[in-house]
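Just so we're on the same page: letters track the sequence lines, and every chain starts at 1.
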Protein chains: 2
Amino acid sequence: MAATIKDVAKEAGVAVCTVSFAMNGSAHVAEETKKRIFEAIERLNYRPNQSARGLVTKRTNNIGLAVSETADGLENGILLDVIKGMGQAAGQYNYDVMLSFQKPHAAKPDDHLLDVYRKQSADGLIMMGTKKGEMPYRELVAKRFPFVLLGRPSAECMCHSVNADNEQGAYMAVEYLAGKGHRRIAFITPCSLEVDASQDRLNGYRKAMTDFFGGADDELLAYGSFAADSGYAETERLLSLKDRPTAIIAGRDAIASRVIEKAAELGCKVPEDLAVVGFDNSVVSQVARPSITSIELPMLEMGYRASNLLIQLIEGGISYDNTQRIVLPCILHARESA
Amino acid sequence: MAATIKDVAKEAGVAVCTVSFAMNGSAHVAEETKKRIFEAIERLNYRPNQSARGLVTKRTNNIGLAVSETADGLENGILLDVIKGMGQAAGQYNYDVMLSFQKPHAAKPDDHLLDVYRKQSADGLIMMGTKKGEMPYRELVAKRFPFVLLGRPSAECMCHSVNADNEQGAYMAVEYLAGKGHRRIAFITPCSLEVDASQDRLNGYRKAMTDFFGGADDELLAYGSFAADSGYAETERLLSLKDRPTAIIAGRDAIASRVIEKAAELGCKVPEDLAVVGFDNSVVSQVARPSITSIELPMLEMGYRASNLLIQLIEGGISYDNTQRIVLPCILHARESA
DNA sequence: CGATTTTGCAAAAACGTTTTTGATAACCGA
DNA sequence: TCGGTTATCAAAAACGTTTTTGCAAAATCG
């Protein structure tokens, strides 16, 4: 149906290889011939068949994003920003983006993530959403398949990674609050500490509390779950402490919004009586009233950088051994709540 | 590097074609031989190379989502839900999802959307985010390439489509408010009427107002822009009308949240003095206080249904001529604001 | 028991590219 | 004029599958 290189060759009155040469610049073709060829291409609306091309070049010009099940609970904006970032980088280098979702009900759910690699339908893979200890990408790294781990430190594994500096983000939150005179600063973890980001934020909080105030009071630490409502109960506890906190850092904006709500119920005004800082810089932080001061994870840029890295890896710009671990700083958006 | 079908054949002591037969069931293979083959496959971790396979079968087992620039402004959750829905359907039928974003700065931005089709790197395409009058998919339809238009009625074009019933959604909003005794119900369009959904919601509003109250008062109609703040100014106008509305339907949740805010400023309590209904059932509607009664567009299901339809189209289950126009009803989520 | 069908597998062509190798013609310097 | 480049293009192999055709052996049948 669609025009092939043969059709173009016939139309231009040359051999197929000449068409290929003209398109790829892989050999000298006379200007005049080139012109004829490109005109024929234009007339026939020809584009090389990717499968045929891929078969011989061993390149698909696809980069894949493997989304493990864990990512399902992610803040909506997060995953989408990563995808958009990927799209931008991919577009620049003439790649397309392939998505592969973990099949939760399969016998070996991770297998489908790896199939993209096994089928060779992408030249490289970015994986996000894996939890501590989970390493479905082990095979990729062992086989030196271009791979970038996103949203997690790659300490467990010698592989390239792009991550947000969650620790710095939490540190910055404390620093910001300290600058406003707060000393009793509480922290609610965003979710299970199985998730690296959660642990990292906690570490950053502790570190900052130690740096600024000589130590972290465990009384001020609350273990939130993924449910936003975990902010609810914990706020009640925190605000009923004898020496109650004047500020709460919530591990996610959704939790922060509940904190504010609970505070209001308890007759506690935000930010006057209680400062609140969230994480993610999601719509929630902008829409809540008061709007929430929030720590942004630069997900779009992470997706972009990860894709760039991946493409370098694919095209041989950087070696697999010289493991790159890109860590991007978080950004504080000051709003009404603190 | 990776194992090929030849390796498997050698390992199992058969010819390559036999391996292919065993895997695809396209010819009889003795049970005993089959067993040997599958063991070899398992040992070698073999998966057929997609490019090679695609070259002969003319199938890539990819379905593509083409996201036109307009979709950039979409509510975050919307695009992601569509993608997730696609992922679910694709997973069931052993397809993968390819994304192709419009390249805004290209000479012919639409071309990149079509390249996926021209390069034959996907077996079918879903397109979303096109505006009225824009028909970058014309070529696809003309060539009878499997294609589904998503999020728009396909009236302009004889093609399959999956859409939310925006008109019914708006109608339902009015009906719901009427049921609560409201008669002066205002409407703020979600964005430019260039976007079909926007026009459809307006139509639904008008129709309902006519059905329930004999006509729509144009005074109660406000033309919002994409900026959420458009709800701000318009609310002020609406609430200062002599015969002021007791309810406002906002074309998007983000706008609704601004409406609530402005109402509060004007000393108008929601929902007591003013009922508010939004659209999209986004996080915003859940997080806002009061939480916002909102009309959900079933985007995840739309993505799912569109993909199913597309795959049927690809695999010949349905014909291209028997144009299907799936319209899914919106769902009203009652919350505090109305 | 011979003729026919069925079963199980192999050989080989085909898919649409890229790329290596080669051939021819033009050009150039001495 | 001539050997040696250089420029331009063509022929053909290769990529890893699927699929058509075919063939031998086994099974079935009258």
5' priority, DNA chain C, between Lys34(B) and Pro48(A) [closest heavy atom]: Lys34(B)
Nucleic acid contacts of residues 11-21 of chain A, taken as heavy-atom distances under 4.0 Å to DNA chain C: Cys17(A), Ser20(A), Phe21(A)
Whether Ser68(A) side chain and Gly129(A) backbone form a donor-acceptor pair below 3.5 Å: yes
Whether Thr323(B) side chain and Asp321(B) backbone form a donor-acceptor pair below 3.5 Å: yes
Side-chain touch Glu139(A)/Arg118(A), heavy atoms, less than 4.5 angstrom: yes
Sugar-phosphate, base or nothing in reach of Thr33(A), heavy atoms under 4.0 Å: sugar-phosphate
Under 3.5 Å: donor-acceptor pair, side chain of Gln50(B), backbone of Thr60(B): yes
Opening and closing nucleotides of DNA chain C in contact with chain A, under 4.0 Å to non-hydrogen atoms: dG16(C) to dT20(C)
Side-chain donor-acceptor pair present, Arg152(A), Ser161(A), cut-off under 3.5 Å: no
Short side-chain to backbone donor-acceptor contact, Asp81(A) and Ile78(A), under 3.5 Å: no
Lys10(A) NZ to dC9(D) P, straight-line distance once rounded to whole Å: 20 Å
Contact nearer the 5' end of DNA chain C, comparing Arg36(B) with Leu55(B): Arg36(B)
Aromatic ring proximity His160(A)/Tyr320(A), centre distance under 6.0 Å: yes
Lys119(A)/Asp96(B) ion pair, N-O < 4.0 Å: yes
